[in-house]
Each structure stands twice: as structure tokens, then as C-alpha cells.
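Remarks on the structure that follows.
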2 protein chains.
Amino acid sequence: MDLDTTDRRLLGVLVEDATLSYAELGERVALSAPAAHERVKRLRRSGVIRRTAALLDPKAVRKPLLAFVHMDTKGWGKTPQLMMISEYPEVEEIHSVAGDTSVLLKVRTEDTRALESLLSHLYEIPGVVTTRTYVVLSTYLERPVQPGITREWPVAR
Amino acid sequence: MDLDTTDRRLLGVLVEDATLSYAELGERVALSAPAAHERVKRLRRSGVIRRTAALLDPKAVRKPLLAFVHMDTKGWGKTPQLMMISEYPEVEEIHSVAGDTSVLLKVRTEDTRALESLLSHLYEIPGVVTTRTYVVLSTYLERPVQPGITREWPVAR
DNA sequence: CATGAAATTGGGTAAAT
DNA sequence: ATTTACCCAATTTCATG
């Protein structure tokens with residue numbers, strides 16, 4: 001499961017566009033179609049590529065409102081009540097975090113009313129003490145996991 | 001750009017697995033292969049499907065450490081300095097938010113040292129007053145935008 | 001449903017271990 | 001000597017009019 005330069009270049013292309021033919025894919029990394037295919041198969045088998053998915057426009061599926069919710073909970077761990085949150089298609093991420101809050105959610109709803117409704121449901125979960133919600137005003141960048149390794153750091157001035 | 005039930009079912013399948021043949025895809029939503037193809041083409045053209053991408057295992061690309069960073073800034077808006085943050089492949093999301101912080105980042109690094117280094121670079125950006133970092137201890141759910149609309153709300157008890 | 005393109009398979013070669 | 005990665009050519013499957 002060690003990735004060489006060619007693997008990383010393949011991943012870099014596939015993260016951007018996974019619809020290319022193996023011929024084109026190979027061309028971009030200087031490989032024949034079967035060789036590219038072989039590598040991609042290996043990357044899939046080994047789990048480096050988890051899956052290939054269609055990425056949807058949130059507005060088009062009527063979820064224009066993005067928010068991050070910090071939840072303070074009394075207990076800890078993967079309680080069944082907490083896991084039930086996954087049932088809401090509005091909830092995209094659930095993380096337990098270190099810091100002044102215990103659980104962090106990424107949620108996407110149709111409007112503020114739906115967000116309010118979701119929050120009220122979260123409050124009803126036993127053990128949930130407080131929630132703080134950060135409504136996203138605008139998104140400047142949103143992309144999936146990048147294969148890139150930073151070698152030259154950008155200089156901010 | 002109005003989605004009917006079949007469109008949503010197609011999207012539901014494609015969000016999970018965009019490698020299926022149109023024959024299989026059609027089978028799952030009770031459509032012929034060309035019909036399924038036609039719909040998917042329309043969904044792509046209209047932008048409902050932004051793109052199809054390979055989703056990578058963060059650990060496999062040596063970014064096992066996930067964190068959310070809240071940045072308080074003096075100014076507002078899409079300053080060039082802020083946008084330079086996109087150059088770091090470690091940064092996956094940049095949002096401006098409402099609440100007790102102004103910018104929210106999702107970042108993924110190899111280790112705490114790399115996170116520290118990234119944070120020190122963020123501090124150097126003019127206008128950045130404070131950062132608060134929430135290190136993710138464990139991720140219970142992480143998925144892309146779902147096409148689903150909640151009709152029956154799960155009951156938490 | 002037909003045509004062309006693409007994915008996939010097998011055989012054979014060269015380099016690295 | 002065995003493994004690994006590759007290319008080429010042939011076949012099957014698929015996209016697409």
C-alpha cells in the first residue's frame with residue numbers, strides 16, 4: 001500500500017475526474033491503458049480509493065443552507081442515540097472532537113426552518129446539553145481528500 | 001432542473017457508486033440502459049451532478065489527522081491572502097460563517113507537527129486575529145451531499 | 001438494434017529483488 | 001529465479017446514434 005509518484009498522479013487525476021477512459025488516464029501519466037487500469041484496480045482493491053461517487057450540487061437537491069453544529073454532550077462515545085443522527089440525510093458528517101465541545105456536525109438543509117427543526121430534534125437526544133450553530137454565509141473552497149503532499153509551502157504575505 | 005423520483009433514485013445510486021454500467025444503473029431504477037443514460041447526461045449537463053470523483057482514504061494518502069479551525073479575522077470577504085489558503089492541499093474547506101467566529105476551515109494533515117506548521121502559517125496572514133482548533137478524535141459519519149429529502153423524521157428517544 | 005469505442009483479458013518482455 | 005510492472009493485440013462489453 002505504498003504509493004509511488006505514478007500512483008499519486010493517477011489519484012490526482014481521478015480525484016478531479018473519474019469519468020476518463022483508461023486510455024486518456026494512461027496518457028496523462030505516461031502509461032498504456034491496461035497499465036493504468038491495473039494500477040487503478042490495485043488502488044481500489046487496497047482501499048486507497050474508497051469509492052467513486054457523483055458529487056451533487058447542494059442547491060440542485062434543495063439543500064442550499066450549510067451549517068456546522070457543535071454539540072456538548074454529557075456522556076461519551078458512540079451511543080445509539082447519537083448514531084441515529086446518521087438517519088437524517090441532512091447530516092453529512094459526525095465527528096467527536098477535542099476542544100470546548102464534544103461533537104461536531106456538518107448539516108445541509110433546505111432552509112432555516114428545516115435547520116431549526118433538525119436542531120430541535122438534536123436537543124431531544126438524551127445527553128445533549130447545548131448546541132452552537134455556525135451558519136455558512138459563503139463557501140470559498142470545498143473539495144474531497146487531496147492526494148497532494150505539500151513540499152513547498154505557499155507564502156502568505 | 002426539477003428532479004422527479006426517478007432522478008432522485010438515480011442520484012442516490014450514483015452518489016454511492018458511479019462506476020456502474022448504464023445497464024445496471026437502469027436496472028436499479030427500473031429503466032432501460034439508454035433511458036438511464038439519457039437522464040444521467042441531463043443531470044450532468046444541468047449541473048445537478050457537478051462531477052464524479054474518486055474518494056480517497058485519508059490514511060492511505062498520509063493525512064490521518066482531521067481538524068476544524070475557527071479563524072477570527074479583522075476584515076471581511078474574499079481577500080487574496082485568505083484565498084491563498086486554498087494552495088495548501090491540507091485545506092479541504094473554507095467557509096465564512098455567522099457566529100462567534102468568521103472563518104471555518106476543514107484541514108487534514110499527516111500529524112500534529114504538520115498541523116502546527118499549518119496553523120503558524122495561518123497566523124501569519126494579515127487580519128487573522130485568533131484561531132481555535134478542534135482536533136477530530138473519531139469520525140462517525142462522513143459522506144457527500146445526499147439527494148434524499150427527509151419525509152419521515154427519525155425519532156430520537 | 002447497430003456501430004464504434006472502451007473495458008478487459010492473455011501472452012510475452014524487461015527490470016528489479 | 002521469481003516477482004512486478006509494463007506493452008501489445010485480441011475479445012468482450014458497453015456507450016450511443
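Sequence lines set the chain letters: A, B, ... in the order given, protein chains first and strands last, and positions in each chain run from 1. Since this is a predicted model, take the numbers as computed values, not measurements.
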**Complete:** The contact string for nucleotides 12-17 of chain C, one letter per nucleotide 5' to 3', using protein heavy atoms under 4.0 Å with B, S and - for base, sugar-phosphate only and none, comes out as ------
**Request:** Between protein and nucleotides 3-17 of chain D, map the contacts as a letter string: B base, S sugar-phosphate only, - none, heavy atoms under 4.0 Å, written 5' to 3'.
**Result:** --SSBBB-----SSS
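The pair A/Arg132-A/Asp72 counts as a salt bridge, with a side-chain nitrogen and a carboxylate oxygen less than 4.0 angstrom apart. A/Glu142 and A/Arg108 are joined by a salt bridge, as a carboxylate oxygen and a charged side-chain nitrogen come within less than 4.0 angstrom of each other. The existence of a salt bridge linking B/Arg39 and B/Asp7 is confirmed by a sub-4.0 Å separation between a basic side-chain nitrogen and an acidic carboxylate oxygen. Between A/Glu90 and A/Lys63, no side-chain nitrogen of the basic residue sits less than 4.0 Å from a carboxylate oxygen of the acidic one, so the salt-bridge criterion is not met. Contact check on A/Arg28 versus A/Glu24 returns a salt bridge, with a Lys/Arg side-chain nitrogen under 4.0 Å from an Asp/Glu carboxylate oxygen. Taking a cutoff of 4.0 Å between a charged side-chain nitrogen and a carboxylate oxygen, A/Lys41 and A/Glu38 qualify as a salt bridge.
Ring geometry for A/His70 versus B/His70: interplanar angle of 30 to 60°, hence tilted.
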